[in-house]
Amino acid sequence: MVHWPEPVVKDNINLDITAEKLSIINQGDSLEEGTYLIPYRATDSAGNSHTMLSECNVTIQVQGTIVCSTTF
């Protein structure tokens, strides 16, 4: 399951600014190993916007012991 920190958006004039996720990938989704780009759009109350990307790298980690039997 994937989780990432939500982007923090600011600008130097307008404090009323929001970030909207544009991806169909959601927090808690199960994804295959790989790199995923999660696009967001930041928009202020004047309608100015900027698109940004968050990168999510999914790696598989094996915990514990894996025992394989050998068949002859």
Side-chain angles (χ1 to χ4, degrees):
M1 293 174 51
V2 295
H3 296 278
W4 62 89
E6 293 290 332
V8 176
V9 292
K10 303 180 202 177
D11 77 18
N12 59 348
I13 297 172
N14 190 329
L15 300 178
D16 186 21
I17 187 168
T18 58
E20 172 191 11
K21 184 174 66 67
L22 303 175
S23 173
I24 61 171
I25 298 171
N26 294 303
Q27 299 275 0
D29 281 355
S30 294
L31 300 174
E32 303 238 345
E33 189 169 26
T35 300
Y36 298 86
L37 297 175
I38 316 296
Y40 284 83
R41 181 184 304 120
T43 307
D44 66 14
S45 61
N48 300 308
S49 66
H50 181 73
T51 301
M52 57 197 151
L53 296 173
S54 291
E55 185 175 293
C56 179
N57 293 301
V58 177
T59 55
I60 306 299
Q61 295 181 350
V62 176
Q63 296 181 355
T65 305
I66 297 176
V67 178
C68 298
S69 61
T70 304
T71 307
F72 294 98

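Counting from 1, the numbers follow the sequence of the chain as shown. Not measured: the values here are computed from a predicted model.
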Cluster companions of M1 among Ile, Leu, Val, Met, Phe, Trp, Tyr (side-chain spacing under 4.5 Å): none
Residues sharing I17's hydrophobic cluster, by side-chain heavy-atom contacts under 4.5 Å among ILVMFWY, directly or via others? V2, W4, V9, I25, L31, Y36, I38, Y40, M52, V58
CD of E32: more than 12 outside heavy atoms within 6.0 angstrom? no
Just do the side-chain contact (heavy atoms from CB on, under 4.5 Å) check on K21 and E6 with the steps written out, would you? CA-CA 9 Å; K21 184 174 66 67; E6 293 290 332; 5.5 Å; no
Quick one: list whatever passes side chain to side chain donor-acceptor pair (under 3.5 Å) with [X], sequence neighbours left out.
{"X": "N48", "value": "D44"}
{"X": "S30", "value": "none"}
{"X": "N12", "value": "none"}

Non-neighbouring partners of L37 that pass side chain to side chain contact (heavy atoms under 4.5 Å, CB included), sequence neighbours left out: L53, E55
